[in-house]
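Below: the structure, in structure tokens.
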Amino acid sequence: MSIFSRFSHLQIIFCFLIYNLTLNAQTESFVYGDALPDAPELSARGTYAVGVRTLDFINKGQADVLNSKNGIDPVYDRPLKVEVWYPAQLAKGAIETVLYNEVMGTANDSLRPLIPITIKGRASRNAAPLTSNGPFPLLVVAHGYVGSRYLMTYLTENLASKGYVVVSIDHTDSTFKDASLFQVPW
């Protein structure tokens with residue numbers, strides 16, 4: 001065996017050991033949105049525990065622009081699903097871990113089929129809102145076309161940990177699950 005070959009084997013073993021030491025040095029698993037070592041100072045989480053809950057609303061009498069014809073806009077009761085992140089008072093022993101279940105892709109598009117995904121976050125589902133330090137400013141986050149209220153959980157959770165109430169809306173007819181094509185008049 002040549003010296004080069006021995007050296008090569010030692011490099012591989014050394015790299016393997018360093019990789020394992022790095023993995024074992026982590027005290028908790030990385031979650032999407034956790035600050036990386038080179039992240040800017042403002043990316044660190046704030047001091048508040050974070051709660052999250054889902055709310056459903058109906059916007060009654062909404063113009064149905066997707067079905068407008070000849071200048072006539074039918075109306076319908078448009079459902080709106082929102083996710084709210086907020087400073088929370090956690091119950092004793094509660095942890096800030098939540099799973100967001102969503103799909104990626106585009107409804108009715110064979111080139112981008114809907115694929116289920118799960119995003120792990122750092123919030124506590126349906127935790128009691130913190131009432132002793134408010135009021136807390138409200139921020140509204142809106143996804144693009146197509147999207148999901150969960151697209152920016154890294155940001156919404158971080159802002160809630162800094163004392164904001166953050167609402168993210170699933171815009172009906174423009175989410176991954178229900179995107180509708182807009183009618184083109186020509």
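For reference, positions follow the sequence shown, starting with 1. Everything numeric in this text was worked out from a predicted model, so none of it was measured.
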query = Out of curiosity, does L155 fall in the hydrophobic cluster containing Y86 (side-chain heavy atoms, cut-off under 4.5 Å, transitive links)?
reply = no
message = Between F57 and V82, does the side chain to side chain contact (heavy atoms under 4.5 Å, CB included) criterion hold? Intermediate values first, please.
response = CA-CA 8 Å; F57 298 100; V82 301; 3.5 Å; yes
key: Enclosure of D38 CG (heavy-atom neighbours >12, cutoff 6.0 Å)   = yes
Beyond-backbone contact of V84 with V165, side-chain heavy atoms, under 4.5 angstrom = yes
inquiry  = Could you measure the distance from the CD1 atom of I169 to the CG atom of L55? Nearest 0.5 Å is fine.
reply    = 11.5 Å
E83 and R149 ion-paired at < 4.0 Å = yes
query = So, are K162 and E157 salt-bridged, with charged N and O less than 4.0 Å apart?
reply = no
inquiry  = Does Y48 form a side chain to side chain contact (heavy atoms under 4.5 Å, CB included) with F136? I'd like the steps, not just the answer.
reply    = CA-CA 11 Å; Y48 293 105; F136 299 106; 3.9 Å; yes
Verdict with reasoning, T54 to R125, per side-chain hydrogen bond (donor to acceptor under 3.5 Å, both in side chains) = CA-CA 9 Å; T54 305; R125 177 69 62 192; 3.1 Å; yes
message = Tell me the closest heavy-atom pair linking P87 and A160, and the distance in Å.
response = CG-O, 3.6 Å
task = Find out whether R45 and R122 are in side-chain contact, i.e. whether some heavy atom of one side chain is under 4.5 Å from a heavy atom of the other.
result = yes
message = Test of understanding: clusters of I, L, V, M, F, W, Y form through side-chain heavy atoms closer than 4.5 Å, transitively. Do V141 and V98 belong to the same one?
response = yes
Side chains of S68 and P74 in contact at under 4.5 Å (non-hydrogen atoms) = yes
query = With a 4.5 Å heavy-atom cut-off, do L80 and D170 have their side chains touching?
reply = no
remark   = For S43 and A39 the tightest heavy-atom approach is OG-CB, 3.0 Å
task = Please answer: with hydrophobic residues joined when any side-chain heavy atoms are less than 4.5 Å apart, are L90 and V50 in the same cluster?
result = no
request  = Begin with the C-alpha distance, continue with both residues' side-chain angles, and end with the deciding distance and a verdict on side chain to side chain contact (heavy atoms under 4.5 Å, CB included) for V167 and W85.
outcome  = CA-CA 7 Å; V167 177; W85 291 266; over 6 Å; no
inquiry  = I need the minimum non-hydrogen distance between G51 and A88, along with the two atoms involved.
reply    = N-CB, 3.3 Å
note = To the nearest 0.5 Å, atom CG of N158 lies from atom OG1 of T153 at 11.0 Å
task = Specify the closest pair of heavy atoms between P79 and I58, including all atoms of both residues, with the distance to one decimal.
result = CA-CD1, 3.9 Å
message = Please say yes or no: joined through hydrophobic side-chain contacts below 4.5 Å, possibly via intermediate residues, are V166 and L130 part of one cluster?
response = no
ask   = Got T131 and Q89 here, is their nearest side-chain heavy-atom distance under 4.5 Å?
value = no
task = Would you please classify the geometry between the Y100 ring and the Y150 ring as parallel, tilted or perpendicular, with 30° and 60° separating the classes?
result = tilted
Trace of the side chain to side chain contact (heavy atoms under 4.5 Å, CB included) decision for V75 with D64 = CA-CA 5 Å; V75 296; D64 188 354; over 6 Å; no
request  = Please check if the side chain of N101 supplies one atom and the backbone of P116 the other of a donor-acceptor pair under 3.5 Å.
outcome  = no
